[in-house]
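This report concerns only the one structure given below.
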Protein chains: 2
Amino acid sequence: MSTRRDPEATRAAILEAAEEAFLQKGVADASTSLIARRAGVTKSLIHHHFGSKEKLWQEVKRRRFEQYAAGQQQMLDTSEADEGLLRRSMKLYFQFLQQNPEMIRLMAWMYLEADTECGDIDSQLLHSGVDKIRQSQEQGIFRQDVDPRYMLMVFLMLSQQWFQSRAHLCRDLGIDQDDATIDRDFFEVMEKIFFEGVLPR
Amino acid sequence: MSTRRDPEATRAAILEAAEEAFLQKGVADASTSLIARRAGVTKSLIHHHFGSKEKLWQEVKRRRFEQYAAGQQQMLDTSEADEGLLRRSMKLYFQFLQQNPEMIRLMAWMYLEADTECGDIDSQLLHSGVDKIRQSQEQGIFRQDVDPRYMLMVFLMLSQQWFQSRAHLCRDLGIDQDDATIDRDFFEVMEKIFFEGVLPR
DNA sequence: TTGTTAACTGGCCGACCGGTCAATTCTAGA
DNA sequence: TCTAGAATTGACCGGTCGGCCAGTTAACAA
């Protein structure tokens with residue numbers, strides 16, 4: 001049996017194991033030994049390929065953020081600026097977080113670490129979203145007395161925070177978490193309130 | 001100089017140093033040695049008074065949550081159930097988080113650790129809020145086609161997430177973070193959208 | 001075929017971790 | 001005043017951490 005080498009596969013294995021360990025246990029609590037073991041390589045290889053534990057963490061974040069931004073940008077580029085766009089974007093963003101819970105954990109870690117990296121990656125993304133909203137405002141589709149930037153934030157924050165505090169809030173409020181419909185239920189409420197508000201029309 | 005003893009003060013000093021260290025660096029990354037040093041005591045005293053690092057963390061959380069719940073409950077008890085109540089509650093909750101940024105970090109850590117403690121403390125709090133909203137719905141003040149539990153969540157989540165992602169979003173969107181008015185600006189938007197929605201009336 | 005370089009290994013290092021323990025000092029109640 | 005027990009100390013434990021290094025092996029270009 002020949003032990004062939006594949007540095008790219010090694011890098012990938014390390015990155016995958018690192019992402020899982022970092023997001024699950026946190027950077028401080030995830031040891032390089034564990035990551036190496038899960039990746040099926042020696043600890044030294046981590047330092048060989050990435051330099052240090054910290055640089056490995058940076059790379060994990062960068063990669064995740066990049067693929068996130070790519071998907072979101074594509075969604076934005078293939079849409080017109082109308083009320084339906086914001087409704088669809090809302091749903092897509094919500095579904096994205098639903099299917100990528102690691103992204104929620106990643107953003108929570110970045111907040112706690114006061115991480116300022118990866119910002120420029122989604123800066124363009126945000127500006128695209130703001131432009132779409134501003135266009136809708138100019139067409140009279142949305143009310144014009146609110147800053148489009150904050151308007152965008154509201155809908156991003158609602159989705160994100162739902163997946164972050166869903167477990168706590170549902171347990172404390174006696175909502176069955178195993179019920180697969182709670183995500184859909186909440187989204188409907190969120191959509192209603194965002195577009196129409198809580199006051200009767 | 002007599003070296004008088006004050007176990008209560010010692011406990012308090014340890015708790016204060018622990019809270020700062022835990023919330024700043026995370027439980028895994030904050031060492032008992034550091035906490036002891038900052039509290040001006042020996043490491044052994046931490047174990048003497050609290051048993052273990054984990055129990056100390058539990059105590060830090062319990063204390064913070066208790067004083068948080070006490071303040072919020074008092075606010076709820078001294079209010080009538082009308083639109084003004086929800087507006088005031090919203091503002092008070094927002095201001096509370098604004099003045100207690102540690103609470104945001106605490107909740108973020110608890111999410112990442114999948115912490116299920118301290119839930120019963122604010123469970124009653126949440127149910128009080130839901131009841132108030134339900135009363136308002138029955139009086140026709142609020143629309144009745146949305147679950148009051150989710151309605152409450154929306155406004156809680158908006159406040160919380162604002163303080164969590166404020167730094168990132170404002171930087172990426174080119175909003176001056178040093179400007180002390182951004183909190184007020186965002187609150188106005190959030191209030192507008194929550195009560196009236198984004199569609200023109 | 002050979003030589004250079006990158007991939008990879010295992011062992012080792014000093015530092016620090018959470019926790020224990022015996023010994024000492026203070027304090028409150030009998 | 002005496003004494004039991006709590007408060008406090010510093011030395012110490014086994015274990016793990018991130019990182020380093022000398023040596024070995026595979027890949028590849030000349």
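To find a chain, count down the sequence lines: A is the first, B the second, and so on, and within it residues start at 1.
One finds no side-chain N or O of A:H48 lying less than 4.0 angstrom from the OP1 or OP2 phosphate oxygen of C:dC8.
Between the NZ atom of A:K53 and the P atom of D:dG18 there is a distance of 4 Å, rounded to whole Å. Remark: P of D:dG10 and CD1 of B:I46 are 14 Å apart, rounded to the nearest angstrom. Rounded to whole angstrom, the span from the NE2 atom of B:H49 across to the P atom of C:dT20 amounts to 16 Å. At whole-Å resolution of the value, NE2 in A:H47 and P in C:dC12 are 18 Å apart. The distance between atom CD of B:E8 and atom P of C:dC26, rounded to the nearest whole Å, is 20 Å. The distance between atom CZ of B:R11 and atom C1' of D:dT8, rounded to the nearest whole Å, is 15 Å. Regarding B:L34, its CG atom lies at a distance of 14 Å from the C1' atom of C:dG18, rounded to whole Å.
Within residues 21-33 of chain B, the residues that have a heavy atom under 4.0 Å from DNA chain C are, in order of number, B:A30, B:S31, B:T32, B:S33.
Scanning atom types as modelled, one donor and one acceptor separated by under 3.5 angstrom connect the side chain of A:K43 and the base of D:dG18. For B:R5 against C:dT25, a side-chain N or O and a base N or O form a donor-acceptor pair under 3.5 Å. Below the 3.5 angstrom threshold, one finds no donor paired with an acceptor across the side chain of B:T10 and the base of D:dT8. For A:S52 and D:dG18, a side-chain-to-base donor-acceptor distance below 3.5 Å is absent, hydrogens and geometry of angles not being considered.
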| request: Mind running ring-ring contact (aromatic ring centres under 6.0 Å, His included) on A:F163 and A:F94 for me, showing each step along the way? | output: CA-CA 9 Å; A:F163 292 106; A:F94 190 84; 4.9 Å; yes

| task | Test ring-ring contact (aromatic ring centres under 6.0 Å, His included) on A:W109 and B:W109 and set out the steps. | result | CA-CA 9 Å; A:W109 283 116; B:W109 284 118; 5.5 Å; yes

| field | Working for salt bridge (Lys or Arg N to Asp or Glu O under 4.0 Å), residues A:R63 and A:E66 | value | CA-CA 5 Å; A:R63 223 178 45 133; A:E66 218 168 56; over 6 Å; no

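When only modelled atom types and interatomic distance are considered, B:Q160 and A:Q164 share no side-chain donor-acceptor pair under 3.5 Å. Checking B:Q58 against B:E54 by side-chain atom types alone, a donor-acceptor pair falls below 3.5 Å. Defined by atom type and a distance below 3.5 Å, a donor-acceptor pair is missing between the side-chain atoms of A:D131 and A:Q135. The closest side-chain donor-acceptor pair between A:W57 and A:E113 falls under 3.5 angstrom.
The side chain of A:P7 lies closest to C:dA7 when the candidates are C:dT27, C:dA7, D:dG10.
Rounded to 10 degrees, the angle separating the terminal helix axes of the helix from C:dT1-D:dA30 to C:dA30-D:dT1, each built from five base pairs, is 10°.
A:Y68 and A:F96 have tilted rings, their planes meeting at an angle from 30° to 60° on a 0 to 90° scale.
Mapping A:R37 and B:L45 onto DNA chain D via the closest heavy atom, the residue that lands nearer the 5' end is B:L45.
For A:R105 and B:Y111, the positive end sits near the middle of the six-membered ring, less than 6.0 Å away and at most 45° from its axis.
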